[in-house]
Amino acid sequence: MRRRTLALATASGAALLAAAALPATAQPGAPRATPTAPGAGLQEGSVSAADLLAKLKGCSQLSNGKYRTDEETSATVPVCGKNGAVFWKADMDVDCDGQTTSKCNADTDPWYQDDTAFRQSNGKPLNAEKLPYVVVPSSSGIWNYASAGIKGGGVVAVIYNNQVEYAVVGDTGPDKIIGEASYAAAKGLGINPDPENGGADSGVTYVLFKNSKASPIESHADAVSRGDALAKKFLQDN
């Protein structure tokens, strides 16, 4: 639930979004496919990034207007609709909110908050360091995620650099900004996960499957299993 500002970024002396090339690593307890060749990257499930992206050309706009990717940028990103899903193409800011860990805390993240909009089955906030999750804009006149069939724990396919990673809807952010995911989501895709100066400038596609939900929300393995089935159905229906 961060609210990044240009002033904060300037004060920290760090760029908000910097592409990086850290190697993708598996999350604990989550099944991740082994790359078929050196440098092949992350591939969760059996549906390729190319097949998903082929279905995401053009945009049937659902949002009443567009979102900014950061406080200082202009609004250029619409929320688009497809059969069974909504999607957008944006950047990736790194969200470290939730449980306090060695990587996500008030010292590592100037915007750190110790809570998430959606919580684990035991009532605790999500763990951004371990769980790949995506941040959706808070409901506003631009777009209401709940009205579109998107809920906490909903399954998301995140596509970057020809890689596919499954995540859940785990937090909400500013109502005019889009393009944010957890530390674990960034790290899994080989994006610099540093919450202060990491992230990706562009090239990230978020596909949110309507009326879906990982159970429990903190199970990445369940998100991958459900996501693979939903991705296959998405290809059939579009």
When rounded to the nearest 0.5 Å, the distance separating CD1 of I150 from OG of S212 is 6.5 Å

Looking at K210, I want to see if its NZ is surrounded by more than 12 non-hydrogen atoms of other residues, nucleotides or ligands under 6.0 Å. yes

With rounding to the nearest 0.5 angstrom, report the OG1 to OH distance, T76 to Y67. 13.0 Å

May I ask you to test the V169-L208 pair for a side-chain heavy-atom distance under 4.5 Å? yes

Go through the side-chain N and O atoms of Q163 and E44 and say whether any donor and acceptor fall under 3.5 Å apart. no

Could you tell me the separation between the OH atom of Y133 and the CG atom of N127, rounded to the nearest 0.5 Å? 9.0 Å

Kindly state each residue pair satisfying disulfide bond (SG atoms under 2.5 Å apart) with at least one member in residues 97-191, sequence neighbours excluded. C96-C104

Quick check: closest heavy atoms across D91 and A200, and the distance to 0.1 Å? CB-O, 3.1 Å

Do E196 and T108 pair up side chain to side chain, a donor and an acceptor below 3.5 Å, judged on atom types alone? no

For L126 and F118, the nearest pair of non-hydrogen atoms, with its separation, is CG-O, 3.3 Å

Verify side-chain hydrogen bond (donor to acceptor under 3.5 Å, both in side chains) between S48 and Q43, making sure each step is shown before the conclusion. CA-CA 7 Å; S48 72; Q43 173 64 53; 5.9 Å; no

State which residue, out of D107, N105, T100, D95, fulfils the side-chain hydrogen bond (donor to acceptor under 3.5 Å, both in side chains) condition with Y112. T100

Closest contact, heavy atoms only, L131 versus I217: CD2-O, 3.9 Å

Donor-acceptor list for residues 80-89 side chains, cut-off 3.5 Å, not counting sequence neighbours:
residue: K82; atom: NZ; partner: K55; partner atom: O; Å: 3.0
residue: N83; atom: ND2; partner: D237; partner atom: O; Å: 2.8
residue: K89; atom: NZ; partner: L56; partner atom: O; Å: 3.2

With heavy-atom distances below 4.5 Å as the criterion, would you say the side chains of V204 and I159 are in contact? no

Return the minimal non-hydrogen interatomic distance between G45 and V224, and the atom names on each side. N-CG1, 4.2 Å

Does a donor on one side chain sit under 3.5 Å from an acceptor on the other, for D175 and S138? no

Within the 3.5 Å criterion, strictly below it, is a donor on Q113 or D115 matched to an acceptor on the partner's side chain? no

Report the C-alpha separation of Q99 and Q120 in whole Å, then their side-chain angles, then the decisive distance to 0.1 Å, and conclude whether the side-chain hydrogen bond (donor to acceptor under 3.5 Å, both in side chains) test is met. CA-CA 10 Å; Q99 296 181 35; Q120 294 182 165; 3.0 Å; yes

Provide the closest heavy-atom pair for Y160 versus S202 in the form atom of the first, atom of the second, distance. CE1-O, 3.7 Å

Residue list, salt bridge (charged side-chain N to carboxylate O under 4.0 Å, His left out) with K232, at least two apart or on another chain: D228

From D93 CG over to I177 CD1, what is the distance, rounded to the nearest 0.5 angstrom? 8.0 Å

In this structure, CZ of F234 is separated from CG of D51 (nearest 0.5 Å) by 11.0 Å

Is the shortest side-chain heavy-atom distance between N64 and I142 below 4.5 Å? no

Taking every non-hydrogen atom, the tightest pair across A117 and D171: N-OD1, 3.0 Å

CG/N192 to CG/N197 distance, rounded to the nearest 0.5 angstrom? 6.0 Å

Heavy-atom distance under 4.5 Å between the side chains of V158 and M92, does that happen here? yes

Which is it for V79 and I178 under the side chain to side chain contact (heavy atoms under 4.5 Å, CB included) test, yes or no, and what are the steps along the way? CA-CA 9 Å; V79 174; I178 206 165; 4.0 Å; yes

